[in-house]
Amino acid sequence: MKRLFCVAPMLDWTDRHCRYFHRLLTKQAVLYTEMITTGAILHGQAQRYLSFNREEHPLALQLGGSEPQELAACATMAADFGYDEVNINVGCPSERVQKGAFGACLMAEPLLIADCVATMQAKVAIPITVKHRIGIDDQDDYGGLYDFISTVAAAGCKTFIVHARKAWLKGLSPKENRELPPLRYELVYQMKQAFPDLEIIINGGITSLSACQTHLQQVDGVMVGREAYHNPWLLAEVDQAIYGSIPTAVDRYAVLEDFLIYIEQQEAQGVRVSYMGRPILGLFQGLPGARQWRRYLSEQMHQPNADAQIFKQAAKKVLDAQPRFL
């Protein structure tokens with residue numbers, strides 16, 4: 001599995017419908033689930049949280065938790081379900097996550113994360129990876145990040161996904177923690193130089209494939225988050241631009257037609273159209289008519305009688321806005 005390009009785990013966004021849609025755009029990018037807590041899996045409905053479409057591979061499950069045995073039990077279930085990787089969330093700064101004793105606050109406990117990795121890796125053959133920040137609160141120096149990575153790597157972790165911002169555990173919202181702490185890409189580059197045998201993937205503030213290509217000169221992979229969600233057509237160029245695949249002719253309307261087949265199949269199983277419509281709101285981003293497309297869907301897909309036809313009606317608004325050439 002080549003993690004040259006990954007779509008970040010995004011809570012309430014990268015569900016299985018979103019991932020199916022993204023896979024229509026890129027066959028090679030690695031997709032990640034939204035963060036799922038160990039408690040939700042072990043004490044909730046595992047089938048509901050772990051099910052996915054076989055077309056989503058390569059696919060990683062991101063877990064939120066800090067108890068080694070619970071994480072190992074979830075990793076075992078993930079392997080049985082067919083996931084290609086399990087990722088531990090050591091980056092989310094929200095107060096709710098902190099109260100659950102996982103996420104970014106665990107950067108202060110590298111020995112615990114090392115224990116989690118070792119316990120999980122002893123149970124499964126698939127990779128156990130860690131997604132984390134460059135530091136927390138007043139810690140965002142080379143030494144602290146070096147110690148964290150070296151400690152966790154010694155336990156068997158070979159892949160680190162580094163969000164190039166530190167997290168403030170108090171005083172900033174999750175949104176502010178994604179925007180206000182400055183990006184320090186150079187610190188992530190230094191980690192790759194310090195640990196040449198590890199796979200270092202950079203994350204944070206990346207919004208273009210040209211930026212991805214620049215980062216790939218320094219690290220092993222890139223992870224893109226909100227830009228991939230709001231402007232998903234970016235993913236249609238990933239296989240060629242990042243992986244060097246032979247370009248194939250595809251257009252947004254063809255992708256929409258393919259996704260409509262999926263929507264109709266899921267609709268027949270009782271899935272509401274509104275759950276499946278959110279990830280494609282940005283499909284026509286940058287084109288004339290994109291605003292009408294988003295507005296129409298946002299108004300219509302939550303209606304009780306909404307069905308797959310509303311997407312065809314919305315697409316007509318984009319077509320009607322296209323310039324006509326003689």
State the [atom1]-[atom2] distance between [X] and [Y], to the nearest 0.5 angstrom.
X	Y	atom1	atom2	result
H163	C92	NE2	SG	11.5 Å
F5	E237	CZ	CD	10.5 Å
L256	K312	CG	NZ	9.0 Å
N87	L61	CG	CG	8.5 Å
Q213	S208	CD	OG	8.5 Å
M223	L4	CE	CG	12.5 Å

[X] and [Y]: side chain donor to acceptor below 3.5 Å:
X	Y	value
S245	Q28	yes
R16	Q266	yes
N89	Q62	yes
Q313	Y296	yes
Y262	E55	no
E85	T129	yes

Are [Y] and [X] connected into the same hydrophobic cluster when the rule is that any two of I, L, V, M, F, W, Y join if their side-chain heavy atoms are below 4.5 Å apart?
X	Y	value
L319	L281	yes
L63	I161	no
Y32	V162	no
Y243	W233	yes
L59	I41	yes

Can you name the nearest heavy-atom pair linking [X] to [Y], along with the distance?
X	Y	answer
S66	L112	O-CD1, 3.6 Å
V117	C157	CG1-N, 3.7 Å
V318	W293	CG2-CB, 3.5 Å
G204	L183	O-CD2, 3.5 Å
P68	C116	CG-SG, 3.9 Å
V255	L24	O-CD1, 4.0 Å

Do [X] and [Y] have side chains that get closer than 4.5 Å, going by heavy atoms?
X	Y	answer
I206	C212	yes
H132	I149	yes
Y20	I263	no
T159	I201	yes
V188	I200	yes
V273	I310	yes
P232	L25	yes
V224	C6	no

May I ask you to decide if [Y]'s main-chain N or O and [X]'s side chain share a donor-acceptor pair within less than 3.5 Å?
X	Y	result
R294	G289	no
K166	I136	no
T14	E34	yes
T214	S210	yes
N53	E56	no
E67	Q69	yes
E176	S173	yes
Q292	A315	no

Show your reasoning for whether side-chain contact (heavy atoms from CB on, under 4.5 Å) applies to R165 and I134.
-> CA-CA 6 Å; R165 286 187 175 95; I134 58 173; 5.5 Å; no
Could you walk me through whether T119 and D115 pass the side chain to side chain donor-acceptor pair (under 3.5 Å) check?
-> CA-CA 6 Å; T119 305; D115 188 15; 3.3 Å; yes
L283/F311 under side-chain contact (heavy atoms from CB on, under 4.5 Å): CA gap, chis, key distance, verdict = CA-CA 11 Å; L283 177 58; F311 299 98; over 6 Å; no
Within 45° of the six-membered ring axis of W13 and under 6.0 Å from that ring's centre, is NZ or CZ of R226 located there?
-> yes
Do [X] and [Y] have their ring centres less than 6.0 Å from each other?
X	Y	value
F52	Y83	yes
F284	Y253	yes
Y275	H17	no

Name of the residue among Y146, F160, Y189 meeting ring-ring contact (aromatic ring centres under 6.0 Å, His included) with F195 = Y146
Could you check K158, K192, R3, K2 and say which one makes a salt bridge (charged side-chain N to carboxylate O under 4.0 Å, His left out) with D220?
-> K192
Would you please test T33 and Y49 for side-chain contact (heavy atoms from CB on, under 4.5 Å) and show each step?
-> CA-CA 10 Å; T33 70; Y49 288 109; over 6 Å; no
Determine, stepwise, if the pair D320 / K316 fulfils salt bridge (Lys or Arg N to Asp or Glu O under 4.0 Å).
-> CA-CA 6 Å; D320 290 344; K316 185 176 184 302; 3.0 Å; yes
Apply salt bridge (Lys or Arg N to Asp or Glu O under 4.0 Å) to K170 and D137, showing your working.
-> CA-CA 8 Å; K170 301 294 181 184; D137 298 333; over 6 Å; no
In plain terms, say whether R184 and E186 are close enough for a salt bridge, that is, a side-chain N and a carboxylate O under 4.0 Å apart.
-> yes
So R23 and H57, side-chain contact (heavy atoms from CB on, under 4.5 Å) or not? Walk me through it.
-> CA-CA 8 Å; R23 188 54 77 208; H57 289 294; 5.8 Å; no
